[in-house]
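Because the structure is predicted, anything quoted here is derived from the model rather than measured. Below, chains carry the letters A, B, ... as their sequence lines are ordered, and counting in each starts from 1.
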2 protein chains.
Amino acid sequence: MTEERPLRADARRNRERLVEAARTVFAARGLDAPLEDIARQAGVSIGTLYNRFPTRDALIDAACADQVAATAAIAAQALSYDDAWEGFVHFVTRICDLQAADRGYRDLTGRTVRHSAQTRAALRDGYRQMLRIVRRAQRAGALRADVTLADLAFVFWGHAATVAATTGIGTHARHRHLALMLDGLRAEGAHPLPAPPLSPAEVDRALGGCD
Amino acid sequence: MTEERPLRADARRNRERLVEAARTVFAARGLDAPLEDIARQAGVSIGTLYNRFPTRDALIDAACADQVAATAAIAAQALSYDDAWEGFVHFVTRICDLQAADRGYRDLTGRTVRHSAQTRAALRDGYRQMLRIVRRAQRAGALRADVTLADLAFVFWGHAATVAATTGIGTHARHRHLALMLDGLRAEGAHPLPAPPLSPAEVDRALGGCD
DNA sequence: GCCTAACTTGAGACAACACTCAACTTATTG
DNA sequence: CAATAAGTTGAGTGTTGTCTCAAGTTAGGC
């Protein structure tokens, strides 16, 4: 499907510059930032941007590769903790730090992006790791048994909203939000949940995922 | 300040229609909905809309009067519960129901609206009541003692985000999100919070409030 | 060094919205 | 039933952003 015709040297260089510029601009102004701004930042014309990336999603996909990798790295770190709950907290906390540092990353969870097969595979891997983090913390009796990987979405959607509302005010708000949410996820003192979790298919739809 | 010159009969009628149309359109499509759509829905020209409401905020302010009243009513109900925690849960739950039913209401918490003096007074009253709900639940030992009225913002911002992500999928997601958050707010099994709460001034800024 | 396919360029066509104003219409009042 | 102040109208202007394409430029094989 991806006809891998090699790019000419200048085209490749421009592609790099565009991805780099996209990272910067997306991080600062979100995934809806004007494409012209990205082209300008890359020192390239808008036409070239469209030559390299025919759709916004293609550019987003290229620009988010780093973040997907970073997410996987965080998950790996989490699994290396001796204490399962500490590992879980590490994972959630670091992801939230990424959200706070990068508006594009934040937007990613709330938007339907048509990702490349490569990114989709990486994401699937990430989910698998996250599943292990969750299961391990549950087996240790620290994370409440009635939650699902899907319930982590609430943590991330919620935290992203608090970051959006409080950027420029300080980090204490988001730290508190997260701490409260984590207390709600502890097995200790958990009250029965009133509704079933999102099914994997529903999560996909909600993430705007790979439909 | 508000020169209360009485409107002509047709102008008053149009004003009513516009407010009604705004309620409908804002509820369905959010506070950023095109003003032309509202004018059309009201059966009135765009010029008339601008005659009646010189700014979008003026229209939002007029359209949200009902919701502000509804919020106050919910708070009053909450205070009438015998059980303080049940009252607290009632309040939070009903507000979240409003969020789920009305996209405009959801947007309201995340946007800077220049409200009329009247609305501002109503909001201040609402906060006072919310403060009583929180204090009462804390005095009863059910709500953790280290949270503040300001921390409720996390519940509402977070829930709104989950609603945004899962509209069209079902209500179970938001119910779960809320239940987890409520478990995090219980005094029972609370772990110390890592950061100070938002000060009232910071909340105002974050709500985009009355700066 | 020349040729050609591969790239780049940026002006311009489109589209969506906000907002204005001169020309018309209508409610009110004496 | 004027006279007129108050109100309505919608075409027009400005802005911001997306996306295209004909004309010009350049990399790289021969």
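At the heavy-atom level, Arg52(B) lies under 4.0 Å from the strands shown only through sugar-phosphate atoms.
Applying the 4.0 Å criterion to OP1 and OP2 of dC7(C), one finds that Thr48(A) has every side-chain N and O outside that range. Residue Asn14(A) has a polar side-chain atom (N or O) positioned under 4.0 Å from OP1 or OP2 of dT8(C). Phosphate contact (OP1/OP2 of dT18(D), side-chain N/O of Arg56(A), threshold under 4.0 Å): present.
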(request) Apply side chain to side chain contact (heavy atoms under 4.5 Å, CB included) to the pair Val92(A) and His159(A), showing each step before the final yes or no. (result) CA-CA 10 Å; Val92(A) 172; His159(A) 180 265; over 6 Å; no
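Residue Asp37(B) is the one, among Ala9(B) and Asp37(B), whose nearest nucleotide of DNA chain C lies closer to the 5' end (criterion: closest heavy atom). Nearest-nucleotide positions on DNA chain C place Tyr50(B) closer to the 5' end than the other of Leu7(B) and Tyr50(B).
Residue Arg13(B) contributes atom CZ, which lies 12 Å from atom C1' of dT8(D) at whole-angstrom precision. The separation between Glu36(A) atom CD and dA11(C) atom C1' is 11 Å, rounded to whole Å. Distance, Leu49(B) CG to dA18(C) P: 10 Å, rounded to whole Å. Atom-to-atom, CZ of Arg40(A) to P of dT18(D) comes out at 11 Å; the value is rounded to the nearest Å. Put simply, CG on Asn51(A) is 14 Å from P on dA22(D), counting in whole angstrom units. With rounding to whole Å, Phe53(B) atom CZ is found 16 Å from dC19(C) atom C1'. If you take CZ of Arg15(A) and P of dT8(C), they are 12 Å apart, rounded to a whole angstrom. For the pair Leu18(B) CG and dT9(D) C1', the computed distance is 13 Å after rounding to whole Å.
Considering only heavy atoms from C-beta on, Phe53(B) stays 4.5 Å or farther from Leu35(B) through its side chain. Contact annotation: the side chain of Asp32(B) approaches that of Arg111(B) to within less than 4.5 Å [non-hydrogen atoms, C-beta and beyond].
Side chain of Ser45(A), nearest nucleotide from dT9(C), dC7(C), dA6(D): dT9(C). Among the nucleotides dA27(C), dA18(C), dT9(D), the one closest to any side-chain atom of Asp10(B) is dA27(C). Here the side chain of Ile46(B) is nearest to one of dA11(D), dA6(D), dT9(C), namely dA11(D).
Arg13(A) has no carboxylate O lying under 4.0 Å from a charged side-chain N of Asp10(A), or vice versa, which leaves the two without a salt bridge.
Between the base of dT26(C) and the side chain of Arg8(B) there is a donor-acceptor pair shorter than 3.5 Å.
Classified by interplanar angle (parallel below 30°, tilted 30° to 60°, perpendicular above 60°), the ring pair His90(A)/Tyr81(A) is tilted.
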